[in-house]
Number of protein chains: 2
Amino acid sequence: MSIENEIAAPHLKDDGQRHRAADDVFQHIVELIDSGVLAEGAPLPSEREISETCAVSRTVVREAVLALSNKGLIDARPGYRPIVRKANYDIAFETVDSVVSRLLMQPGGIRNLFDTRIMIEASLVRQAAVEAEKNDIAALQNALNANEAAIDDSERFYQTDIVFHAALFEVPQNPLMPAIHKAYTSWLAPQWSRMPRLPDRNRSNFIAHKEIFDAILMRDPDRAEQALRNHLAAAWTQVEQSFGED
Amino acid sequence: MSIENEIAAPHLKDDGQRHRAADDVFQHIVELIDSGVLAEGAPLPSEREISETCAVSRTVVREAVLALSNKGLIDARPGYRPIVRKANYDIAFETVDSVVSRLLMQPGGIRNLFDTRIMIEASLVRQAAVEAEKNDIAALQNALNANEAAIDDSERFYQTDIVFHAALFEVPQNPLMPAIHKAYTSWLAPQWSRMPRLPDRNRSNFIAHKEIFDAILMRDPDRAEQALRNHLAAAWTQVEQSFGED
DNA sequence: AATCTGTTTTGGTCAGACCAAACGAAGCAC
DNA sequence: GTGCTTCGTTTGGTCTGACCAAAACAGATT
């Protein structure tokens, strides 16, 4: 073995894996964004321009741009110039959408996801019961009122239902939480939104919401958690009755 | 306006957006996978072959394949034939990695993520206290013993620390939970693994673990949660002292 | 059966071309 | 000046065809 093994091999990375030129361009653009040269909202240079400055073919540039788009770092609507996207928690969940949806297809997938939701929201209502502020309570109260007013309008009830839970996820003032809620509702929507809804069910769901709210008002985390678990368990039963075992 | 607006416009999608040919190929391959024509572990047809059957250029095929790779549906190591990947919960988190890491760079990002971890793990230990089975307890006990034995070996202690928490995430027997734990540890690793570690700290961390374990043993969810929160709060303090405000 | 060897296939990259839609500036009407 | 049309330019999306090095394969060799 000669020294050549150390210097030569332009196609090999440190770990011996072959190297894609597109990865370099990808990295390069990421650095441009991080360094602020490309501010958020700004359009990327044209593909031809990038291919010049990076000394690669447009093919490679396109691959890099596509990767950036797939990872959610830029917003590349077909036909338009790609725009640098502001990093926010929602995109993180959007980018996994296709994987998640196939995960949900496999047996027990929906139940597994739903269980994590129960777990998180249980913790959430406990926390809310302990430390919800006045404005949190007010937001919950408003959501609850809207919920009650929509009992006879199933479509609107579904919406206010989501808003009520969303209000819960706002309590910790952690920007991740609303994003998590949004992800849950969008992923579970195929089951929930298409489920037959009746004023009867709406009413019992509203009552469940109210029980959660009351427990929070009374600063009783145990009761809040129990009410939440009852509510979600009942919701699951409704789904199960409508669709069988998914 | 004539009828032509309805039939013509091969480049327009329903919503009027321009359409990428690669999306069709993408969808086509996804269907091949879903229908079982392409079993998991099986290699994709060659790019040239796909370009024939789909009647598109290889350029388009490459874009589609790249997208599949980015979304984690296939495993495309450079130079090799892409392999159909089995959908599992880990890839979901892997695919968001690049977005998450930039989210963590922004102020408060790490804290926000860590707070969600506290929230989830708090719920976890409560649940464990209520319904942990014999084998769960045994697993925790083992992890705890290994943890204690490693107090004087900081590197090993870090590993056993992770294993102890992992054992907690195994309790609900929900395949999502270990994946979540894995994601947390990998995302928070830059802070945790590179933090100065001393036998003193290790000892206090071990004690914290033991308190959690004991509370679970005693079937006391409140104490378990409190112990967990104390532990994670202390861990956060350690990180803060080491790195200042990230 | 294991190893070496040469041929074929395949992914990665490039150059150049074409199209239709988006962009942008000049010109026009109000 | 403001708003609108017009028209050439730029740009993204797609295609063709080519080349290279590495991977896959088949066959010969030991």
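Here is how names work: the chains are called A, B, and so on, in the same order as the sequence lines, proteins then strands, and each is numbered from 1.
Between C:dT10 and B:Arg48, no contact under 4.0 Å exists linking OP1 or OP2 to a side-chain N or O. Side-chain nitrogen and oxygen atoms of B:Arg81 include none within less than 4.0 Å of the OP1 or OP2 phosphate oxygen of D:dA23. Side-chain nitrogen and oxygen atoms of A:Ser57 include none within less than 4.0 Å of the OP1 or OP2 phosphate oxygen of C:dA15.
Within the 3.5 Å criterion, the main-chain N or O of A:Glu133 finds a donor-acceptor partner in the side chain of A:Asp136. No side-chain donor-acceptor contact under 3.5 Å links A:Asn112 to the backbone of A:Asp115. When atom types are taken as modelled, the side chain of A:Thr116 and the backbone of A:Leu113 share a donor-acceptor pair closer than 3.5 angstrom.
We find that NE2 of B:His19 is positioned 15 Å from C1' of D:dG12, with the value rounded to whole Å. In this entry the distance linking CG of A:Leu44 with C1' of D:dT10 reads 16 Å, nearest Å. Going from atom CZ of A:Phe26 over to atom P of C:dG12 covers 17 Å, rounded to whole Å. Following rounding to the nearest Å, B:Glu47 (CD) and D:dT14 (C1') show an atom-to-atom distance of 16 Å. Per the geometry, CZ belonging to A:Arg77 stands 9 Å off P belonging to C:dA22, to the nearest Å. Rounded to whole angstrom, the span from the CD1 atom of A:Ile50 across to the C1' atom of D:dT10 amounts to 14 Å. Regarding B:Ile83, its CD1 atom lies at a distance of 14 Å from the P atom of C:dT10, rounded to whole Å. Residue A:Arg62 contributes atom CZ, which lies 8 Å from atom P of D:dG12 at whole-angstrom precision.
In this view, A:Glu170 satisfies the salt bridge (Lys or Arg N to Asp or Glu O under 4.0 Å) rule with no residue, not counting sequence neighbours.
The nearest heavy atom of DNA chain C to B:Thr59 and to B:Glu49 marks one nucleotide each, and the one closer to the 5' end goes with B:Glu49. In terms of position on DNA chain D, the residue among B:Tyr80 and B:Ala55 whose nearest nucleotide sits closer to the 5' end is B:Ala55.
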Between A:Tyr184 and A:Trp192, does the ring-ring contact (aromatic ring centres under 6.0 Å, His included) criterion hold? Intermediate values first, please. CA-CA 11 Å; A:Tyr184 274 126; A:Trp192 264 251; over 10 Å; no
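Remark: the B:Arg58 side chain and the C:dG12 base include a donor-acceptor N/O pair separated by less than 3.5 Å.
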